Structures are given as structure tokens and as C-alpha cells.
Amino acid sequence: LVAPPLPPAEEQADGSEDDRDEEREQPPGGEQRADHYLTVPVVAGRLGWRVMTSLPMPRARPTGGASLADTFGRVARDLRVSVTDRCNLRCTYCMPAEGLPWMPRAEMLTDEELLRVIRVFVRLGVRQVRLTGGEPLLRRSLVDVVAGIAALEPRPSIAMTTNGVGLERVAGRLADAGLDRVNISLDTIDSETFSRLTRRDRLNDVEKGLAAAAEAGLTPVKVNAVAM
């Protein structure tokens, strides 16, 4: 296929756009402009050929130090850290009844390695660390991990997403170690429905975990639910 020739006026507009690009005033001293332009001179549309003006490129990355910025200038401040792939429930929308093959412990990051990675992100501007799983409470050293994160400078806020099973016995120690708040995944407060969804009869344990979190000051205690 051969594109139809452009009308003379539009050809001139196309050429003048290129000329304007070349003639844009540059800062003294040979410095480069901070703003860049994407030029799309001619496009074909339902109304025929037309000339596009210069479009601004995405914002420049923030200056003044290292940061986790994308090409649109948005800076990442939150970090989610999966501390284990294991879980003590078998939710129907998450995994089969027989469970899944877990990652060998030898392949998981040690506490020291995990804290080293988090430290790097904190130095890059992360201000909140959220611990997740699997079920994070199944990591035996979780209290030590929380304490290590709380000792970082600058100290990030620390949150955790959990199913709440087992939270009652450790909520106080997690709060003392530096955990700030929790989100508890709870899809129903009906015991029969809970058992059917999770394949475990543990609703009572979750309710005790909710109460223990509030008593330990892990507030606001938020509840996540999957609408089904």
C-alpha cells in the first residue's frame, strides 16, 4: 500500500514543526533541557491527515538522591515482603485441598538476608513495609524480623497481612517488637461458610486474633474480604 501524498499546506506544517524543534532555545553553556518532547508530526484519522503538536514526555525523575521512581515520576514508598509461602488454611480460591509443594527452607532468605534487602529499599525511600505470606505467622522468627525492621534508620512503618489464625498467641510480642498494625483476611463471619471456604474450622481462632490485635494496640485493625 502507498500512502497518499500530503497536501502542500500540511507538508509545510510538517517541515516547520521539524524546524521549530531545531530552533528551540537551548540553555547557556551547552546544558540539556530538563523537559523532553515527543513529536508526532502527521497522523491519519477519520477526518483525513492532520498535524500533531509536540507532546510532553513523562515527568523527569525526582532529583536529590536515589529513589524508586518510574518513568512517570511516581515514587514507590511501600514494600511488600513475603516472609514464607506456607499457609495453614486451604481456601478454595487460593489452592487445592491437598495444598501445594512448599519452597525448600534452604532456598528461603535467612533473617539476615531478608533484613539486608529491606534495608536497601528503605535507603531508596521506602517508608512502609508490609509483611505477607503465605501466612506470615508461620515464620518462626517473625518477631525477630519485625524487630530488625523497626531498628532500621529511618524507621519505616510496619504492617502485616494475616489470616489471623495463631495471632492471639503472638500479637503482644509483635507489638512490642515494633509491628504497627495488621490487616486480617476474613471472608465471612459464618462458621459454616468459613469452614467451607477455608477447608478448616478455625473461625474462632481468627476472632480471638482480632481481639488480641486490638488489645495489643495493632490499630487500626483492618479486615480484608473477598466478595463472592
Side-chain angles (χ1 to χ4, degrees), residues 78-122 126 128-152 156-214 216 218 221-228:
D78 299 346
L79 176 68
R80 296 178 68 92
V81 179
S82 174
V83 298
T84 183
D85 62 334
R86 299 168 188 267
C87 189
N88 45 11
L89 298 181
R90 296 294 181 270
C91 298
T92 55
Y93 55 80
C94 186
M95 69 173 72
E98 64 274 14
L100 296 169
W102 308 125
M103 179 184 296
R105 294 188 182 277
E107 296 181 10
M108 297 178 61
L109 295 181
T110 65
D111 292 354
E112 292 75 16
E113 291 169 335
L114 198 62
L115 291 172
R116 181 181 179 185
V117 172
I118 296 172
R119 184 183 301 112
V120 170
F121 279 95
V122 169
V126 162
Q128 174 176 281
V129 176
R130 177 172 294 278
L131 303 177
T132 68
E135 172 47 49
L137 292 175
L138 294 183
R139 185 169 182 128
R140 297 179 180 178
S141 59
L142 183 62
V143 173
D144 295 332
V145 171
V146 170
I149 299 172
L152 297 177
S157 63
I158 310 170
M160 180 177 69
T161 298
T162 171
N163 60 31
V165 176
L167 183 58
E168 179 189 20
R169 58 180 173 78
V170 74
R173 287 190 290 145
L174 287 171
D176 292 341
L179 186 65
D180 296 304
R181 59 189 179 277
V182 294
N183 285 46
I184 296 180
S185 300
L186 180 60
D187 300 324
T188 179
I189 56 174
D190 179 82
S191 59
E192 182 178 344
T193 304
F194 184 93
S195 297
R196 185 172 68 254
L197 285 175
T198 66
R199 301 188 179 100
R200 299 290 188 272
D201 185 15
R202 304 297 296 273
L203 177 60
N204 187 53
D205 293 324
V206 178
E207 291 174 338
K208 290 179 180 178
L210 282 164
L218 300 175
V221 178
K222 298 182 179 181
V223 175
N224 300 336
V226 175
M228 289 177 285

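Just so you know, these numbers come straight off a predicted model, no measurement behind them.
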Donor-acceptor contact below 3.5 Å, side chain D85 vs main chain G134: no
Which atom of A216 lies closest to which atom of A175, heavy atoms considered: O-CB, 3.6 Å
Side-chain donor-acceptor contact under 3.5 Å, N88 with E135: no
Heavy-atom side-chain contact between V122 and I149 under 4.5 Å: no
Contact check, side chains of R199 and T92, non-hydrogen atoms, under 4.5 Å: yes
Euclidean distance, K222 NZ relative to S185 OG, rounded to 0.5 Å: 13.0 Å
Heavy-atom side-chain contact between V81 and T132 under 4.5 Å: no
With sequence neighbours excluded, residues passing side chain to side chain contact (heavy atoms under 4.5 Å, CB included) with D144: D111, S141
Distance (rounded to the nearest 0.5 Å) between T162 OG1 and L186 CG: 11.0 Å
Least distance between heavy atoms, A150 atom then I158 atom: N-CD1, 3.6 Å
Check: V165 main-chain N/O paired with R202 side-chain donor or acceptor under 3.5 Å: no
pair R130-N183: side-chain heavy atoms closer than 4.5 Å: yes
Gap separating the CG atom of L100 from the CZ atom of R86, nearest 0.5 angstrom: 11.5 Å
Smallest separation among heavy atoms of F194 and L203, with atom names: CE2-N, 3.4 Å
Gap between atom CD1 of I184 and atom CG of L210 - 0.5 Å precision: 4.0 Å
side-chain contact (heavy atoms from CB on, under 4.5 Å) partner of V126, chosen from L79, I118, L152: L79
Distance, nearest 0.5 Å, that separates CZ of R169 from CG of L174: 9.0 Å
Within-4.5 Å side-chain heavy-atom neighbours: C91 and L197: no
E113 atom CD: more than 12 heavy-atom contacts under 6.0 Å: yes
Side chain to side chain contact (heavy atoms under 4.5 Å, CB included) between L142 and M160, intermediate numbers included: CA-CA 11 Å; L142 183 62; M160 180 177 69; 3.8 Å; yes
Partner residues of D187 under the salt bridge (charged side-chain N to carboxylate O under 4.0 Å, His left out) criterion, sequence neighbours left out: none
Euclidean distance, E168 CD relative to L137 CG, rounded to 0.5 Å: 12.0 Å
Residue pair T188 / D190: nearest heavy atoms and the distance that separates them: OG1-N, 3.0 Å
Main-chain N/O of G133 paired to S82 side chain as donor or acceptor, under 3.5 Å: yes
pair D205-R200: side-chain heavy atoms closer than 4.5 Å: no
Where V221 and A214 come nearest, the two heavy atoms and their spacing: CG2-N, 3.9 Å
Minimum heavy-atom distance between L167 and A213, given as atom pair plus value: CD2-CB, 3.9 Å
I189 atom CD1, neighbour heavy-atom count above 12 within 6.0 Å: no
